[in-house]
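Throughout, protein chains are lettered first and strands after them, A, B, ... in sequence-line order, and every chain is numbered starting at 1.
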Amino acid sequence: MASRALAFADPEVIRLATEAFIPVAENCSPLQTQRDAKGEFFRLVAEQGHYGGRTVPSATRQGQYAFTAGGHLLASINTREADKMRAMMAQALERWRSLRRGSDASSVGGTDAVPAPYERDPRYPSFYPEDGLVLKQTMRDLPRPASHPIPQARPDAINFDYAWFTKAEMPLFLPSVPRRGERVDLPWPIVRRLARFHLLDSVRGETPPWREDHVRHARISVEVTAVEDTRVYLRLEGAVLNQQEGAWAIRPFRQKWDGLARGYDCRLLGDLVYDTKSQQFERFDLLAVGERWGGTEHNARQEDLLPAPMGIAFERAGNTPVDRTPPHANLWDYFDIPAERRPR
Amino acid sequence: MSTTPASPGTAPATQVAGSELLRVLLREAPQAPAIDPARFRATLDLIRAKPEEQRWATIPWQTDLWEARKLAADENKPIFLWAMNGNPLGCV
């Protein structure tokens, strides 16, 4: 994703964001519509900004916004270029200083602007799996043979996601009797989540999850390779074939094309260590390697549709706020929550 | 035994109308070769982000706008929000 590699890799942007502002990053798709004080506050800010009032070609409000705790916009932009970002931040800080010198200083921060607790829109609860398993996922194209018809145009492309499993789901990764040599196929709820929502080609940009019928083959198993005290050592192996054919766009906001296909045909290998005392995975190193093909509206593969190697790595996430970033999926679908239990 | 959905709807490639591209790309069964265990760690390292690819993550991002408002009020600083359709810190 280009703005991570460009604007937010710039030393001065990093310094300003770290020292002069409270930096925050959020998915604005829910914020644009959610019915609670937080959504209303985001819309108050966004409608003062660069896309305020816009509906064509989309009603997105994505971008970068600088504002006061009370919702007074200082500057905004939607850019991936470092020099424009620096200029926007400098402008915001100048306005901030000007506001603080003015008579209405109470509106720019301080105790008057401390937000009150609010009742959250029930359509957007926190699904974060406390005491569960949180994995960081990294996706990247793998080197292509010199004979490949399409040279690797963007070898630096990389993307990330997070995979969530609840505390109640963690035992599903283990044989019922964790003895050396014991082996078990992972149950469909676990396989489904990995196959549909994580074995995807999002290297250059987001792509829709697979539907259940796109998962043409999926088998993942674990075998106990050793047991030492409370530690259970496991090898995970699997094979997944996801594919879809049909009509869709392969460039943003462009026409749909018939006769398209996309897929990911991969094998999995994992090195896991589970501690039965803490009931946590101490290690969860998982690798998927295979060929992806095709493209979708936002994954920037329009010139790169033929099968080519792609790898996905999973590892235990850390404990920073960033490591609580939710999976890209609709989390009601992700956790397979029945329609009758979903708020409308 | 494969772990598969109840009706995966496997369609032989020859029954699917469409372009030559589509017929060529569809697969009737997995073809990916097994991962060589001897290459496992090296491939993980190849895929995982290098420090220079994670400079953006050195910014102490908050992940909730409301919490950021509280911090901004407490610390008397303006807020810098990076908003995208999709989480900027995750898959987008």
Novice: First locate atom CG of A:L306, then atom CG of B:L25, and finally report the distance between them rounded to the nearest 0.5 Å.
Specialist: 6.5 Å

Novice: Listed by chain and number, what are the ring pair (Phe, Tyr, Trp, His ring centres under 6.0 Å) partners of B:F40, not counting sequence neighbours?
Specialist: none

Novice: So for A:P327, is it side chain, backbone, both, or neither that comes closer than 4.5 Å to the heavy atoms of chain B?
Specialist: neither

Novice: Please rank A:L93, A:T320, A:I312 by heavy-atom pairs under 4.5 Å with chain B and give me the top one.
Specialist: A:I312

Novice: By a 4.5 Å heavy-atom criterion (distance strictly below it), what part of B:A57 contacts chain A: side chain, backbone, both, or neither?
Specialist: neither

Novice: Considering only heavy atoms from C-beta outward, does the side chain of A:L142 approach that of B:I47 to under 4.5 Å?
Specialist: yes

Novice: Let's test your reading of the structure: which of A:A313, A:P115, A:G311, A:S29 forms the most heavy-atom pairs below 4.5 Å with chain B?
Specialist: A:P115

Novice: If every non-hydrogen atom of B:I35 is compared with every non-hydrogen atom of A:L287, which pair is closest and at what distance?
Specialist: CD1-O, 3.7 Å

Novice: So B:L81 and A:Q64, side chain to side chain contact (heavy atoms under 4.5 Å, CB included) or not? Walk me through it.
Specialist: CA-CA 6 Å; B:L81 170 66; A:Q64 297 83 30; over 6 Å; no

Novice: Check this for me, if you would: do A:E291 and B:R27 make a salt bridge, where the nitrogen-to-carboxylate-oxygen distance has to be below 4.0 angstrom?
Specialist: yes

Novice: Under the ring pair (Phe, Tyr, Trp, His ring centres under 6.0 Å) test, which residues partner A:F160, sequence neighbours left out?
Specialist: B:W56

Novice: Can you see which heavy atom on B:R48 is nearest to which on A:T138, and at what distance?
Specialist: CA-CG2, 4.1 Å

Novice: What verdict does the side chain to side chain contact (heavy atoms under 4.5 Å, CB included) test give for B:K77 and A:T68, after you've listed the backbone C-alpha separation in whole Å, the side-chain angles of each residue and the deciding distance to 0.1 Å?
Specialist: CA-CA 8 Å; B:K77 285 181 174 179; A:T68 70; over 6 Å; no

Novice: What option among B:E52, B:E75, B:E67, B:R55 has the most heavy-atom pairs under 4.5 Å with chain A?
Specialist: B:R55

Novice: Does NZ or CZ of B:R69 fall inside the cone over A:F41's six-membered ring, less than 6.0 Å from its centre and within 45° of the axis?
Specialist: yes

Novice: Between A:D271 and B:R41, does any NZ, NE, NH1 or NH2 come within less than 4.0 Å of an OD or OE carboxylate oxygen?
Specialist: yes

Novice: Let's go through B:F80 and A:V13 carefully: what are the C-alpha distance in whole Å and the side-chain angles of both, what is the deciding distance for side chain to side chain contact (heavy atoms under 4.5 Å, CB included) to 0.1 Å, and is it a yes or a no?
Specialist: CA-CA 11 Å; B:F80 180 87; A:V13 170; 5.8 Å; no

Novice: Could you look at A:A247 and say if it's the side chain, the backbone, both or neither that has a heavy atom under 4.5 Å from chain B?
Specialist: neither

Novice: Among B:L46, B:I59, B:T58, which residue has the highest count of heavy-atom pairs closer than 4.5 Å to chain A?
Specialist: B:I59

Novice: Which heavy-atom pair separates A:D161 from B:C91 by the least distance, and what is that distance?
Specialist: CG-CB, 3.7 Å

Novice: So which of A:F42, A:Y118, A:Y162 has the largest heavy-atom pair count under 4.5 angstrom toward chain B?
Specialist: A:Y118

Novice: Between the side chain of A:Q62 and the main-chain N/O of B:A83, is any donor-acceptor distance below 3.5 Å?
Specialist: no

Novice: Side chains of B:L26 and A:E245, heavy atoms from C-beta outward: is any pair under 4.5 Å?
Specialist: yes

Novice: Aromatic contact between B:W82 and A:F8, with the criterion being ring centroids under 6.0 Å apart: yes or no?
Specialist: yes

Novice: Once you round to the nearest 0.5 Å, how far does CD of A:E26 lie from CE of B:M84?
Specialist: 14.0 Å

Novice: As an exercise, state the distance from CD1 of A:I22 to CG of B:L65, rounded to the nearest 0.5 Å.
Specialist: 12.0 Å

Novice: Please identify, among A:P307, A:G238, A:C28, the residue contributing the most non-hydrogen atom pairs under 4.5 Å to chain B.
Specialist: A:C28

Novice: Walk me through whether A:H328 and B:N87 qualify under side chain to side chain contact (heavy atoms under 4.5 Å, CB included).
Specialist: CA-CA 7 Å; A:H328 179 257; B:N87 198 303; over 6 Å; no

Novice: Side chain, backbone, both or neither: which part of A:M310 has a non-hydrogen atom closer than 4.5 Å to chain B?
Specialist: neither

Novice: Which pair of non-hydrogen atoms, one from B:P88 and one from A:A25, has the smallest distance, and what is that distance?
Specialist: CG-CB, 4.1 Å

Novice: With chain B, which of A:R192, A:E315, A:H298, A:R324 has the greatest number of heavy-atom pairs at distances under 4.5 Å?
Specialist: A:E315

Novice: What is the minimum heavy-atom distance between A:A37 and B:W66, and which atoms define it?
Specialist: O-CZ3, 3.5 Å

Novice: Which distance, rounded to the nearest 0.5 Å, do you find between the CD of B:E28 and the CG of A:L241?
Specialist: 10.5 Å

Novice: Does any backbone or side-chain atom of A:E237 lie under 4.5 Å from a heavy atom of chain B? Answer side chain, backbone, both or neither.
Specialist: neither

Novice: Any heavy-atom pair between the side chains of A:V24 and B:I79 that's under 4.5 Å?
Specialist: yes

Novice: Quick check for you: among B:A68, B:A49, B:A29, B:P30, which has the greatest number of heavy-atom pairs under 4.5 Å with chain A?
Specialist: B:P30

Novice: Return yes if a side-chain donor-acceptor contact under 3.5 Å exists between A:E206 and B:N85, otherwise no.
Specialist: no

Novice: Strictly below 4.0 Å, N to O, side chains only: are A:R267 and B:D36 in salt-bridge contact?
Specialist: no

Novice: Measuring heavy-atom distances to chain B, does A:L269 have an atom under 4.5 Å in its side chain, in its backbone, in both, or in neither?
Specialist: both

Novice: Pick one of side chain, backbone, both or neither for A:D10, based on which atoms fall under 4.5 Å of a heavy atom in chain B.
Specialist: neither

Novice: Counting only heavy atoms not in A:R80 (residues, nucleotides, ligands), do more than 12 fall under 6.0 Å from its CZ?
Specialist: no

Novice: Between B:T63 and A:P321, what is the shortest heavy-atom contact and its length?
Specialist: CG2-O, 3.4 Å

Novice: Do NZ/NE/NH1/NH2 and the carboxylate oxygens of A:R140 and B:E53 come within less than 4.0 Å?
Specialist: yes

Novice: Would you mind reporting whether A:V289 and B:T43 have side-chain heavy atoms less than 4.5 Å apart?
Specialist: yes

